[in-house]
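Within every chain, numbering begins at 1; the chains are lettered A, B, ... in the order of the sequence lines, protein sequences first and strands thereafter. Predicted model, so just to flag it, every value in this text is computed and none were measured.
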There are 2 protein chains.
Amino acid sequence: MAGTRRHGAGRGRPTLEEVAARAGVGRGTVSRVINGSPRVSDRTRTAVEQAVAELGYVPNRVARALAANRADAVALVIPEPETRLFAEPYFSDIIRGVGAELADTDLQLLLTLIRTPKERQRFAEYLSAHRVDGVLLVSVHADDPLPDLLERLEMPAVLSGRRSAHESVPYVDSDNTGGAQSAVEHLIGRGRTTVATITGPLDMYVAQCRLDGYRAAVRAAGREPEPELVASADFTEEGGRRAMRQLLEQRPHLDAVFAASDVMAAGARQVLRESGRRVPEDVAMVGFEDSAVARHMDPPLTSVRQATEEMGRAMVRVLLEEIEGPSERPAKRPQVVLPTQLVRRESL
Amino acid sequence: MAGTRRHGAGRGRPTLEEVAARAGVGRGTVSRVINGSPRVSDRTRTAVEQAVAELGYVPNRVARALAANRADAVALVIPEPETRLFAEPYFSDIIRGVGAELADTDLQLLLTLIRTPKERQRFAEYLSAHRVDGVLLVSVHADDPLPDLLERLEMPAVLSGRRSAHESVPYVDSDNTGGAQSAVEHLIGRGRTTVATITGPLDMYVAQCRLDGYRAAVRAAGREPEPELVASADFTEEGGRRAMRQLLEQRPHLDAVFAASDVMAAGARQVLRESGRRVPEDVAMVGFEDSAVARHMDPPLTSVRQATEEMGRAMVRVLLEEIEGPSERPAKRPQVVLPTQLVRRESL
DNA sequence: AGGTACTGTGGGAGCGCTCCCAGGTTGATG
DNA sequence: CATCAACCTGGGAGCGCTCCCACAGTACCT
C-alpha cells in the first residue's frame, strides 16, 4: 500500500510557530488563543488573532490529535445486515441528524461499513489506532459482540436501539412498544375485530417490542392475543409475503394487519391483492417506520413514524457526554427513548 | 470548546519503539516491516512480526499521518440540496460502493454533509487542516464553487455526475442520454405514438442529458420532438404531479410518459389515476433510477437502472489514481461513464 | 521595603511515527 | 587479499501541536 501520496492542500501552510513569530509571541500563547483559553490578555489575543487572519492560519488537526491524544472524530458504524435495510430513509435520516448535531462541534464523522469479519477486525484496529473518540453504533443485533468490545476498550459508545430490555451500553431508541400499541389500538378503534400482525425477527429486541405493543393493545381491548394471528418474518418484502400467506391460511377472515415494518407491509399488500382482498375495505393495514414505501403504496399506508433524525441528534448528544465524562460503570447510563407518532393515510 | 476528552482505547498501547526493543531491532526496521518494505531480511522480519503479535501492536495512525504528511482518509461530500433527494437508494448505494472499494485500502471514509454556508466554510478548513487525501463530491450543481476550490487547492477530487459537457474535474457518471434513449425507444417499440417526458431541472446537466436521450429516440423513430410533450419539473413528487397535469392539458391523448426520475413518475402516476387513465393500458410509463419507489408503485414501474454502487466503486478507484499521481492539468482527466439498463416491469 | 498571590507568557519536552543518512555486512570481483 | 557495490540496519531529526513548568510582571498586603 501507500506510495507517493500527494499532500495537496496543507503543503507549506503556516504553522503555529510562524503565527507566533508574526505576532511576536510564543507558541504557547498562540495555542492558548486558538483554543480559547481565558488566560490571555486582550492585547495579546488581538495581536495573535490578527496574525492568524493575515497568514490564513488553520490548525493542523492531525498534529493536534497526536499531541492531545484525541482524535476529534467519531465513527458511525453500520453493520452489514442493516446496510440493505437502510436503503430506507431510516439510514439517511440518522445520518442527517448525526451530521447536523456534529456540525456544531469540531468533531468529524467517520463512516464505517462492516460487512465481513475481516472488516470487523479492521474496525477493532481503528479503535486501537487512535482514530476516534467515540462510536455510534447503528442497529445492533442481540448477539453482536461489538458493544462489549467497545466497553472493554473503554471507548465511549452509543447504540441506536437496544439489544435487550437490560441494555448496559448507552442508547437512543424509539418507543417501539408504544408505537405498535397505538397502531393496533387505532385499528381496533376503527372497528376491526380480527387484527393480525407480521413481526420482525424475534431475536431482535425491536421486533419483540413491537409485538409486545400489539399484544398490549389487543388485551387493552379486552381480548386475548391469538397465536394464529401472529406470523413472524424478517423485515423483508419477501418475508412479508410469506407471513401474509400464512396468516391468510390460518385466519381467512382477518380484517386488519399490523406489519412491524413498511417493507413487510408492502409484501403483505401484494399477497392481499392476489387473494382478491381490498385494502382497506376488506383488510386494513398499518405499517411501521413511515418510509417512502408507505407513501407510495396503493393505497398509501398508514404507518408509525419514528423521530429518526432526532435519534441521530440525540445519539450525538449522548456520545458527547460520554466522551466528556463517561458515566459510572453499571450506574446511570444515559438512555433516551423517543416517542413515535401514527401517520394516518388511506390503508385505514 | 474541547475539554477533558477521554482517550479510551489507545492509552498505553505499545509503540513502535517498544516493538523495536522487544524484537531487538531499531525503530526504522520495525517501521519498514510494518509498511512492507522489501529491504528487510527474512530473519529480521520474522522477529519483528513476532514482537508485533506478542505485543498486539497496532500503528498509531495519527502519528503516522503527521509524520508522513498524509491523512489516510478521503471525504465523501454531500451538499444539502441532495441530502433530501438521497433518501433514495442512490445515496446508500453510492456509500455502499465507496465503502466496499475503500475496504481494500487502509483509507478511511469521512462523511461531510454541507448544509449551510458556514458548514461550507468549515469544509474548506478541513481541506487546509490536512485531514483528507482526496474528496468524493456527490451530485454537484452546475454553479457549485466546490470543484474549483478543490482544483485550486490541488486536492484530488472526483465528481459523481458532471456539471456540463466539458467537465474539467475527473468524474464518474451514468450514461443518462443512452438510458433515456433506450427507455423511450422501448416505449415507441411497444407501439406508443405520443410519448411525453417529464424532465428534471434543466440547469442540471443530468436532466439535460435525459432530455437529449428522449429527443434522440423520438428522432430515431422518424418523428420530430414536440415542445408540448415536454414538461420540466424538479425531480420531486409534487413537481411530477404538476408536470403531468400540464402535459395532460396540452396533449390529452398522449399514450406514454418517460419521467426523468422514479419519484416524478410516482407523482405523475397519481395525476393519471385521478384523471381516470389506466397504466399501462391508456398511458405507459417509464421512470429513471430504478429506486424502491419504482418497485412499489402500482403497477410496478419500468425504469432505467443505473449502476449506482459501481459508481461509488469507480469513484474511489479514480480518486486513488488521482492521489497516487494526479493527472496533468487539462490533459487526460479520467472520466468514467457507466452503462444503464432498462428494468422492465408492468407499467409497460 | 519585603512578602504573598496572582496573572501572563515563553519555550522545553514530548506525542508516535516516517524519512533519510551514515555506517556496518556481505559477497562477488580484480 | 584488497576493493566495491549491494544490501541491511540503527537512530537522529523532524512533522505541528499540546502540556506544563518556570519565570516574569503587577498588585495588594503587612
If you measure from [atom1] on [X] to [atom2] on [Y], what distance do you get to the nearest 0.5 Å?
X: Gln335(B); Y: Asp173(B); atom1: CD; atom2: CG; result: 10.0 Å
X: Leu16(B); Y: Leu55(B); atom1: CG; atom2: CG; result: 11.0 Å
X: Leu76(B); Y: Leu113(B); atom1: CG; atom2: CG; result: 9.0 Å
X: Leu319(A); Y: Leu102(A); atom1: CG; atom2: CG; result: 8.5 Å
X: Thr112(A); Y: Glu119(A); atom1: OG1; atom2: CD; result: 10.0 Å
X: Ile78(B); Y: Arg115(B); atom1: CD1; atom2: CZ; result: 10.0 Å

#### Entry: With Val74(A), the side-chain contact (heavy atoms from CB on, under 4.5 Å) member among Val98(A), Ile323(A), Val132(A), Val316(A)
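Looking at Val98(A), Ile323(A), Val132(A), Val316(A), the match for Val74(A) under the side-chain contact (heavy atoms from CB on, under 4.5 Å) is Ile323(A).
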Atom-pair distance ([atom1] on [X]; [atom2] on [N]), nearest Å:
X: Leu16(B); N: dC19(C); atom1: CG; atom2: P; answer: 12 Å
X: Arg39(B); N: dA22(C); atom1: CZ; atom2: P; answer: 16 Å
X: Leu66(A); N: dC15(D); atom1: CG; atom2: P; answer: 13 Å
X: Asp72(A); N: dG16(D); atom1: CG; atom2: P; answer: 18 Å
X: Arg13(A); N: dC17(D); atom1: CZ; atom2: P; answer: 11 Å
X: Arg70(A); N: dC17(D); atom1: CZ; atom2: P; answer: 13 Å
X: Asn69(B); N: dC17(D); atom1: CG; atom2: P; answer: 12 Å

When you measure from the side-chain N and O atoms of [X] to the phosphate of [N], is any distance below 4.0 Å, counting only OP1 and OP2?
X: Ser31(B); N: dT18(C); value: yes
X: Asn35(A); N: dT18(D); value: yes
X: Ser41(B); N: dT9(D); value: yes

### Query
Hey, can you pull the residues of residues 44-61 of chain B with a non-hydrogen atom under 4.0 angstrom from DNA chain D?
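Per residue number, the list reads Thr44(B).
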### Task
Assign each of Glu17(B) and Val40(A) to its nearest nucleotide of DNA chain C by heavy atoms, then name whichever residue's nucleotide is nearer the 5' end.
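First, find each residue's nearest nucleotide; the 5'-ward one identifies Val40(A).
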### Message
Applying a 4.0 Å non-hydrogen cut-off, can you work out what Val62(A) is touching in the nucleic acid: base, sugar-phosphate, or nothing?
### Response
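Answer is nothing: Val62(A) stays at 4.0 Å or more from every strand.
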### Query
With a 4.0 Å cut-off on heavy atoms, is Arg27(A) in touch with a base, just the backbone sugar-phosphate, or nothing at all?
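Base, at least one base heavy atom under 4.0 Å.
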### Query
Any salt bridge between Arg70(A) and Asp133(A), counting N to O under 4.0 Å?
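Between Asp133(A) and Arg70(A) there is no salt bridge, as every charged N stays at least 4.0 Å from the carboxylate O atoms.
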#### Entry: Carboxylate-amine/guanidinium proximity below 4.0 Å for Glu310(B) and Arg317(B)
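Counted as a salt bridge, because a side-chain N and a carboxylate O are separated by less than 4.0 Å.
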### Task
Step through the shown structure and confirm whether more than 12 heavy atoms of other residues, nucleotides or ligands are within 6.0 Å of CG on Asp104(B).
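Yes.
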### Query
Starting at the 5' end of DNA chain D and moving along, which residue's nearest nucleotide shows up first, Ala63(B) or Gly24(B)?
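The 5'-side residue here is Gly24(B).
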### Query
For the helix from dA1(C)-dT30(D) to dG30(C)-dC1(D), how many degrees between its two end axes (five pairs per end), to the nearest 10°?
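One end axis against the other gives 60°.
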### Polar pair under 3.5 Å, donor/acceptor by atom type, side chain Arg32(B), base dG10(D)
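Counting by modelled atom types and ignoring angles, a donor-acceptor contact under 3.5 Å is found here.
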